[in-house]
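Note that the numbering runs from 1 along the sequence shown for the chain.
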Amino acid sequence: MSDSTEMLKTAVIVEDDPDIRHLLVEVLESAGFSTVSVGNGIDGVRAVIAYQPLITTLDVNMPGIDGFEAARRIRQQSDTYIIMLTGLEEEADVVLGLGAGADEYVVKPFRPRELRARIEALLRRPRAADSAVSSAPRQDSVGPSFPAGRPETPVTSPASNAAAVIVPSSQGPEPHESAPGGEIVPRSSPGELTPTGGTWVTHRDLLLDPDSRLVRVDGEELELTRTEFDLLATLMESKRRVRSKADLTLVLRGESYVTSYFVGEADKRAIEAHMTNLRRKLGDNPANPRYIETVRGVGYRLTSELLATP
């Protein structure tokens, strides 16, 4: 097996329920991951910074900070795939979770085989940038997690009824060094980029580069999640062709158009939530759209290239 297939096989599980945490360990290890388990949001953020995992699962209602805040802090430091696992199923909660940086939102109780299928679908999506792959930790082999020494930077638990338990894999990657005192240090902003050359796709004053995964509106660079970028790239490639919610779901899963995979109402609501966040970041008004318009009962497409006359 090549080295590339042995990389990026660590998962961080942030869950305060021991039974669910044990189930997640089984699901992820059956998928070939080494796991690091913690029981609260603060330790979860520190574990992601220390281990730079490929997958992170987040509960929402946890001691310390909740999953929404944990997702925001993690997204400042890592491009790990974030899967939120929660009993909150209202649309507002889904929108909040995806807006905080989650790539998937799964409502408890979940089915283990479906969760594994969603994880595999996430892994078929391209990473945010090639540099993320080259700089991420690697491990020579994967396997079950066993109790082992803690990372040099201790993962301390906030005051709570139950102490968090972190179980790094005995064969997993060495933790990355964190800032003194365990502080979270935001990533530096990228340098000024000029859309010259390359493969920029344009629509009005909206520019997108699929290779560098950059988006600019009126010269200003936007920070999009991986899912938001993939949705926007798909719509810009399709231009005026309407893409249904089911179609966009399959695109995010990495499936082809002709497929037997089921697309449920929850998947379609997730697309709606992602589109709401994407439009907000673009400054687009659904009632008078500049970039993305809704074809009621069908899906989404780009607006006309021609500006409306006053």
Side-chain angles (χ1 to χ4, degrees), residues 11-28 35-48 53 55-78 80-119 121-122 125 157-162 164-165 224-228 231 245-246 248-249 252-253 262-281:
V12 166
I13 299 169
V14 189
E15 171 63 59
D16 65 339
D17 186 317
D19 293 332
I20 296 178
R21 193 162 60 227
H22 179 71
L23 176 59
L24 289 171
V25 168
E26 290 185 344
V27 171
L28 287 161
T35 58
V36 176
S37 301
V38 299
N40 62 74
I42 294 176
D43 283 353
V45 175
R46 290 173 176 167
V48 170
I55 292 284
T56 299
T57 68
L58 272 180
D59 187 18
V60 172
N61 295 319
M62 297 182 294
I65 60 176
D66 64 20
F68 299 130
E69 178 60 23
R72 294 187 191 98
R73 297 188 187 186
I74 288 171
R75 192 52 76 212
Q76 291 177 344
Q77 289 285 94
S78 172
T80 179
Y81 293 101
I82 297 176
I83 302 175
M84 278 197 163
L85 296 165
T86 174
L88 304 177
E89 57 182 348
E90 295 295 325
E91 181 181 4
D93 297 314
V94 178
V95 172
L96 184 59
L98 297 174
D103 297 286
E104 276 283 0
Y105 192 99
V106 178
V107 177
K108 298 175 182 176
F110 60 88
R111 293 170 290 190
R113 290 179 62 185
E114 179 184 348
L115 176 60
R116 179 167 175 175
R118 288 181 179 274
I119 291 172
L122 272 179
R125 301 184 195 173
S157 172
S160 60
N161 294 333
V165 179
L224 300 182
T225 67
R226 183 182 297 104
T227 299
E228 291 163 359
L231 287 174
K245 296 170 188 175
L248 292 172
T249 298
L252 294 182
R253 289 181 184 176
F262 175 72
V263 176
E265 289 302 314
D267 296 302
K268 295 177 182 179
R269 288 199 302 270
I271 292 294
E272 292 172 0
H274 283 303
M275 292 300 298
T276 297
N277 290 325
L278 175 59
R279 281 171 157 163
R280 174 177 53 80
K281 292 182 179 180

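Going from atom OG1 of Thr249 over to atom CD1 of Ile271 covers 4.0 Å, rounded to the nearest 0.5 Å. The structure places OG1 of Thr276 at 10.5 Å from CD of Glu228, a figure rounded to the nearest 0.5 Å. Here Asp17 contributes atom CG and Leu23 contributes atom CG; the two are 10.0 Å apart, rounded to the nearest 0.5 Å.
Within the 4.5 Å cutoff, no side-chain heavy atoms of Val48 are placed close to those of Gln77. Side chains of Met275 and Leu231 form a contact here, defined as non-hydrogen atoms less than 4.5 Å apart. Between Asn40 and Asp16 there is no side-chain heavy-atom pair separated by less than 4.5 Å. By the 4.5 Å heavy-atom criterion applied to side chains, Thr225 and Lys281 are counted as neighbours.
Nearest heavy-atom pair, Arg21 versus Gly39, reported as atom, atom and distance to 0.1 Å: NH1-CA, 3.7 Å. Closest approach of Ala273 to Val95, counting heavy atoms only: CB-CG2, 3.7 Å. Across all their heavy atoms, Gly67 and Met84 have their closest contact at O-CE, 3.2 Å. Of all the heavy atoms in Val36 and Ala47, the pair that sits closest is CG1-CB, 4.4 Å.
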- [ ] Please assess Val12 against Thr57 for the test side-chain contact (heavy atoms from CB on, under 4.5 Å), listing each intermediate value before the final yes or no.
- [x] CA-CA 6 Å; Val12 166; Thr57 68; over 6 Å; no

TODO: Apply the test side-chain contact (heavy atoms from CB on, under 4.5 Å) to residues Leu85 and Leu58: give CA-CA distance (whole Å), side-chain angles for both, the deciding distance (0.1 Å), then the verdict.
DONE: CA-CA 6 Å; Leu85 296 165; Leu58 272 180; over 6 Å; no

Open item on the list: Determine whether Leu115 and Ile83 satisfy the following criterion, side-chain contact (heavy atoms from CB on, under 4.5 Å), listing intermediate values before the conclusion.
Closed with: CA-CA 9 Å; Leu115 176 60; Ile83 302 175; 4.3 Å; yes

TODO: Start with the C-alpha distance between Val45 and Ile65, add both sets of side-chain angles, then the distance that settles side-chain contact (heavy atoms from CB on, under 4.5 Å), and finish with yes or no.
DONE: CA-CA 10 Å; Val45 175; Ile65 60 176; 4.2 Å; yes

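Under a 3.5 Å cut-off, the side chain of Ser78 and the backbone N or O of Ile74 do not form any donor-acceptor pair.
Legend: residues meeting salt bridge (charged side-chain N to carboxylate O under 4.0 Å, His left out) with Arg72, ordered by chain and number and at least two apart, are Glu69. A search for side-chain hydrogen bond (donor to acceptor under 3.5 Å, both in side chains) contacts involving Thr56 returns Thr80, not counting sequence neighbours. Residues passing the salt bridge (charged side-chain N to carboxylate O under 4.0 Å, His left out) test with Arg280: none are found, sequence neighbours excluded.
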Pair up each side-chain donor or acceptor in residues 96-112 with any protein partner under 3.5 Å, not counting sequence neighbours, and list the distances.
{"unit_1": "Asp103", "atom_1": "OD1", "unit_2": "Arg226", "atom_2": "NH1", "d": "3.2"}
{"unit_1": "Asp103", "atom_1": "OD2", "unit_2": "Arg75", "atom_2": "NH2", "d": "3.2"}
{"unit_1": "Asp103", "atom_1": "OD2", "unit_2": "Ile82", "atom_2": "N", "d": "2.9"}
{"unit_1": "Asp103", "atom_1": "OD2", "unit_2": "Arg226", "atom_2": "NH1", "d": "3.3"}
{"unit_1": "Glu104", "atom_1": "OE1", "unit_2": "Arg118", "atom_2": "NH1", "d": "3.1"}
{"unit_1": "Tyr105", "atom_1": "OH", "unit_2": "Leu88", "atom_2": "O", "d": "2.7"}
{"unit_1": "Lys108", "atom_1": "NZ", "unit_2": "Glu15", "atom_2": "OE1", "d": "2.9"}
{"unit_1": "Lys108", "atom_1": "NZ", "unit_2": "Asp59", "atom_2": "OD1", "d": "3.2"}
{"unit_1": "Arg111", "atom_1": "NE", "unit_2": "Glu114", "atom_2": "OE1", "d": "3.0"}
{"unit_1": "Arg111", "atom_1": "NH2", "unit_2": "Glu114", "atom_2": "OE1", "d": "2.6"}

